[in-house]
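Treat the numbers as computed from the prediction; the structure is a model and nothing was measured. Just the heavy atoms: all of them, side chains too, but no hydrogens, waters or symmetry mates, feed the values below. Letters A, B, ... mirror the listed sequences (proteins, then strands); counts begin at 1.
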Amino acid sequence: MTAVVHALIRWPKRLFDVFSSYGLSVVLLVLLFLLTYLGTIEQTRAGLYAVQEKYFGSIIMVHWFFDRVPLVLPGARLLMGLLTVNLVCGGLLRIRKDWRRLGVFITHLGILILMVGGFLTFHYSVNGHMTLYEGETSDEFVSHHDWEIAITEMVDRGQARQLIIPGSQFTRLSSADEVLFHSEALPFTVTLRGFEANCVVDRADSAGSGDHDSISGQVLRPIPLNPDGEQNTAGIYARIGRSDGVSEVTLWAAGSPAIVTADNTAWRINLRKRRWQLPFAITLNKFTHEFHPRTKIPRVFMSDVTKTENGVSQKIKIAMNRPLRHKGYTFFQASWGPDGAGPGDRLFSSFAVVRNPADQFPLYASVIITVGLAVHFAVGFLRYVHAQRRALK
Amino acid sequence: MNRILTQAAALSCMSAWMLLAGGSCGNSRSSREITEVRTVGPPIASELPKAHPTITLHAGASSDTPFLTPAVSDWHVPDTWKAAHERPMRLVTFTMGASNRTECYVTVLSGHAGGTAANVNRWRDQMGQSPLDAAAVAALPKLTVLGREATFIEVEGAFEGMGNESRSNYLLLGVICELDDQMVFVKLTGPAAEARAEKARFILFCESLR
């Protein structure tokens with residue numbers, strides 16, 4: 001019994017010793033370096049988005065050398081998780097707590113804040129774009145990569161209801177999986193199945209499509225994913241259930257929406273990029289663009305906007321390297337158009353919009369790490385001076 | 001004992017972290033209630049605070065105008081055209097041809113967006129051609145699009161897009177359809193030979209808009 005108890009007590013200690021060891025730190029950092037190197041090389045052919053998902057957003061991944069030799073590696077998500085545990089166990093809990101190591105402790109704390117910020121950014125940040133013509137206003141921005149299905153009530157005037165099925169609830173559905181979506185606000189149900197991340201609409205009797213589903217003679221034919229994830233055109237099959245029967249439709253991001261009529265109301269269903277609502281509205285008053293003389297090199301891109309919130313308006317300029325930050329949202333001047341616009345033409349401005357709850361964490365972490373290093377160097381310097389004085393006596 | 005408790009606490013944190021880092025397990029529910037509901041369309045005027053700017057939704061690419069009959073909601077896609085990814089301010093974009101440089105897209109703008117003549121000349125300017133006067137614009141060929149008479153334009157020249165180098169020997173086919181409160185633009189550009197081969201399909205596509 002005593003031996004069992006000792007064994008039960010020993011195992012957590014052994015695990016703790018492993019997770020707090022320098023050796024583990026070195027191994028994890030080497031693996032992170034390797035992932036970063038391999039991902040950087042792979043990005044040149046696979047594209048940024050695909051590489052980020054595969055190398056830095058995964059738990060386990062396989063890197064192929066020369067497309068033939070597989071190497072199984074832990075993904076950066078797993079490595080960063082283990083590194084955080086290693087930092088907490090070794091750098092904060094196990095470390096001897098005395099004034100000589102105060103600077104190191106503070107530095108480790110700063111690094112931990114940086115890693116927590118990374119975790120929050122990965123899981124909770126959203127980003128997209130908002131594009132406005134001069135004179136237009138919007139209170140939402142559009143995701144670059146995420147999808148949603150919008151079911152919009154079609155009305156002649158006034159406001160309309162719009163029900164949203166976020167992509168997280170259907171982008172993993174294979175042709176064998178289906179989920180029924182319902183709401184009291186809807187006079188019909190929507191059953192989704194067979195999501196394709198990138199596809200075209202094809203005729204069911206075309207060569208090579210015989211083993212796919214067919215709706216009204218159409219199938220969603222999957223095509224290779226585009227390295228730039230933003231350029232993928234998704235599709236999904238939907239079954240509309242009403243009191244008088246069932247109908248099947250294909251929802252394709254580049255196609256026209258499906259119109260469903262039930263209980264004397266018409267609803268439009270379309271698959272589109274995810275929209276995020278803002279707690280304020282942005283109006284583009286004027287867009288200014290200048291190039292360096294006799295070149296197409298941009299000199300100034302600036303948007304004069306009005307931010308309206310709770311009836312209060314504020315004029316703001318958004319320019320290259322001068323973003324707008326408000327309530328956790330950041331607006332960057334990203335691009336403009338239309339192509340070939342001349343003097344007097346109505347221009348549109350496109351903003352990159354980011355909502356990141358850990359937006360300032362890198363700044364806080366940098367300050368704390370700087371303080372920690374300063375304390376550590378100061379302590380080391382004072383100890384050196386003290387030792388020199390003792391040696392002289 | 002304290003050390004053991006500390007270690008146990010650390011390992012518990014580690015386990016919780018790994019669960020979080022690993023992400024949530026897939027949800028295998030077969031039925032879900034739609035919980036996210038929004039209200040779209042401009043607020044009713046009497047509910048707006050004083051001095052609130054008018055809110056208008058940009059039409060066209062977002063196709064989020066539930067309070068209007070959509071100007072364009074369907075079309076017939078020619079067999080050889082491929083749908084391209086979503087772009088800002090475009091309702092839909094297609095590519096065609098072996099060179100991958102020929103594209104056709106539809107844009108819908110609210111209001112009159114400067115009018116037909118201004119946009120015809122803007123396209124001519126993009127192709128390095130001189131502008132037309134009002135009489136010449138009125139004399140351009142017409143197509144029937146969305147039940148209206150739409151202006152058809154065919155211009156050859158050096159195409160200059162935003163930030164791009166000039167591409168010589170290009171062809172631009174365009175249709176501008178003025179509706180009551182919206183303008184529909186359909187534009188095809190590409191190397192002259194390739195774009196010219198698509199002319200018949202382009203016209204059929206424009207006439208199929210509904």
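Heavy-atom minimum distance, B/I34 versus A/I164: CG2-O, 3.4 Å.
To the nearest 0.5 angstrom, B/E33 atom CD is 6.5 Å from A/E184 atom CD.
In terms of the side chain to side chain contact (heavy atoms under 4.5 Å, CB included) criterion, residue partners of B/V92 (sequence neighbours excluded) are, by chain and number, B/W75, B/F94, B/V106. Legend: residues meeting salt bridge (Lys or Arg N to Asp or Glu O under 4.0 Å) with A/E309, ordered by chain and number and at least two apart, are A/K307, A/K327.
Heavy-atom pairs under 4.5 Å with chain B peak, among A/Q277, A/R161, A/Q169, at A/Q169.
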May I have the step-by-step check of side-chain contact (heavy atoms from CB on, under 4.5 Å) for A/E178 and B/S30, ending in yes or no?
-> CA-CA 7 Å; A/E178 58 179 47; B/S30 60; over 6 Å; no
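Ion pairing between A/R274 and B/E36 holds under the 4.0 Å rule for side-chain N and carboxylate O. Ionic pairing of B/R38 and A/E148 is present here: one or more N-O contacts between side-chain nitrogen and carboxylate oxygen are shorter than 4.0 angstrom.
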